[in-house]
Amino acid sequence: PVRTTGATAVDRFFTQNVLHPDLMAMGISGLLTPDVTCFANPIKLPILQPITPEEHERRWQTMVSILQPFDAVQVLDTESLVSRMIARVDMGTWGHTALAAGNGKLHEMLTSGFACTDVSEYHDLRYRIGVYRLPAANSREELPSQLPIEEADARLKYGWKTLSVVAAQRLLRLRRQYPFMFTPNDMAIHTKLKLIHVV
């Protein structure tokens, strides 16, 4: 029988997410079994529609006002070949991940290594951003990677090495072994993080 309860969430899951194979498998499983937890927070990998500069600024100001320590800040740099290629090869939305550290700072891995960056560095129309948050209280023990924050960021290193490994895994259909590689889109799909805002 067709379930009517939660039909809106189911519809959003299949129409507003990028069609990542893992995500679609979760959705189909949710339709065929009593476990519908994947539809509780239906948007994991949002399809990024074009927005005006005014709307971008409004969303940015909202993001700055709600950002909390340990939020995952997922980024697509629309002018970066690496960022766009990671998102495309990984069949997802995002090409980079940072972790909010509080006081307007982000912890992230760049090609130059670990960095503590001011969030204002991403205040530009070229960046599309998704803020993901754990439903539980913030603590290091509850981070989705279950690793210290610096080590968690190291697993999400941003650059050509990441792109090459992800491309090989996807093209050769290799089984992904975490912590061997954990991409920004894997984090959005396979953790309890909830998407709370998109810029």
Side-chain angles (χ1 to χ4, degrees), residues 6 8-10 12-13 16-18 20 22-23 26-27 30 35-49 51 55-77 83 86-87 90 92-110 114-124 127-158 178-179 182-199:
T8 303
V10 173
R12 291 177 67 203
F13 184 95
Q16 297 181 32
N17 279 308
V18 173
H20 189 286
D22 289 358
L23 199 54
M26 288 170 58
D35 183 7
V36 293
T37 52
C38 65
F39 301 127
N41 301 309
I43 309 303
K44 308 287 188 183
L45 296 176
I47 298 171
L48 299 176
Q49 304 292 353
I51 57 176
E55 177 65 11
H56 189 280
E57 179 62 21
R58 185 185 69 78
R59 294 188 186 189
W60 170 266
Q61 295 300 334
T62 299
M63 185 198 80
V64 171
S65 70
I66 65 173
L67 198 62
Q68 295 181 5
F70 302 108
D71 284 348
V73 179
Q74 305 276 38
V75 180
L76 176 69
D77 183 347
S83 185
I86 288 175
D90 197 31
T93 302
W94 310 114
H96 179 57
T97 296
L99 294 176
N103 299 317
K105 300 295 183 182
L106 300 174
H107 287 177
E108 57 187 332
M109 284 299 298
L110 306 174
F114 178 79
C116 182
T117 309
D118 196 281
V119 69
S120 63
E121 294 291 327
Y122 289 101
H123 191 190
D124 192 291
Y127 298 114
R128 300 301 304 272
I129 301 168
V131 178
Y132 291 74
R133 181 173 295 164
L134 283 167
N138 296 317
S139 73
R140 285 177 177 264
E141 290 74 19
E142 290 168 334
L143 280 174
S145 57
Q146 296 182 347
L147 295 168
I149 190 167
E150 293 83 0
E151 188 177 348
D153 281 338
R155 298 301 174 97
L156 299 161
K157 190 166 183 180
Y158 178 69
Y178 177 75
F182 198 54
T183 71
N185 298 293
D186 287 335
M187 174 177 274
I189 295 171
H190 296 292
T191 69
K192 295 179 181 179
L193 291 170
K194 178 182 178 180
L195 178 64
I196 62 166
H197 188 65
V198 175
V199 176

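Since the structure is predicted, the reported quantities are computational estimates derived from the model, not experimental observations. Side-chain atoms are counted along with the backbone in the values below, which use heavy atoms only and exclude waters and symmetry mates.
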Subject >> Step-by-step side chain to side chain contact (heavy atoms under 4.5 Å, CB included) determination, R128 to I51 >> reply: CA-CA 10 Å; R128 300 301 304 272; I51 57 176; 3.9 Å; yes

**OP:** Spell out, as yes or no, whether a donor-acceptor pair under 3.5 Å connects the side chain of N103 to the backbone of K105.
**Re:** no

Original post:
If you look at every heavy atom in C116 and H107, which pair is closest and at what distance?
Top reply: SG-CD2, 3.8 Å

Subject >> Residue from H56, E57, Q61 passing side-chain hydrogen bond (donor to acceptor under 3.5 Å, both in side chains) with H123 >> reply: E57

Original post:
Is N17 reaching over with its side chain to a backbone N or O of P42, donor-acceptor style, under 3.5 angstrom?
Top reply: yes

Subject >> Y122 (side chain) donor-acceptor with D77 (main chain) under 3.5 angstrom >> reply: no

Original post:
What's the shortest heavy-atom distance between V75 and Y127, and which atoms?
Top reply: CG1-CD2, 3.8 Å

Original post:
For the atom pair CG (N41) and NZ (K192), what is the distance rounded to the nearest 0.5 Å?
Top reply: 12.0 Å

Original post:
Considering all heavy atoms of both residues, which atom of A72 and which atom of L193 are nearest to each other, and what is their separation?
Top reply: CB-CD1, 4.0 Å

Subject >> Main-chain N/O of D90 paired to H20 side chain as donor or acceptor, under 3.5 Å >> reply: yes

Original post:
CG/N185 to CG/D22 distance, rounded to the nearest 0.5 angstrom?
Top reply: 10.0 Å

**OP:** Test V73 against L67 for side chain to side chain contact (heavy atoms under 4.5 Å, CB included), laying out the working first.
**Re:** CA-CA 9 Å; V73 179; L67 198 62; 3.9 Å; yes

Original post:
With a 4.5 Å limit on heavy-atom distance, are the side chains of L76 and T93 in contact?
Top reply: no

Subject >> Minimum-distance pair of heavy atoms, taken over all atoms of R133 and I66 >> reply: NH2-O, 2.6 Å

Original post:
How long is the span from the NZ atom in K194 to the NZ atom in K44, to the nearest 0.5 Å?
Top reply: 9.5 Å

Original post:
Just wondering, do I189 and L45 contact through their side chains at under 4.5 Å, heavy atoms?
Top reply: yes

Original post:
Do L48 and W94 pass the side chain to side chain contact (heavy atoms under 4.5 Å, CB included) test, and can you show the C-alpha distance, the side-chain angles, and the key distance before you say yes or no?
Top reply: CA-CA 10 Å; L48 299 176; W94 310 114; 4.1 Å; yes

Original post:
Within the side chain of Q74, is there an N or O that forms a donor-acceptor pair under 3.5 Å with the backbone of P184?
Top reply: yes

**OP:** Please report the closest heavy-atom contact between M187 and T97, naming both atoms and the distance.
**Re:** SD-CG2, 3.9 Å

Original post:
Measuring from E108:CD to E121:CD, what's the distance to the nearest 0.5 Å?
Top reply: 8.5 Å

Subject >> From L134 atom CG to T191 atom OG1, the distance as rounded to the nearest 0.5 Å >> reply: 7.0 Å

Original post:
If you look at every heavy atom in V199 and R59, which pair is closest and at what distance?
Top reply: CG2-O, 3.7 Å

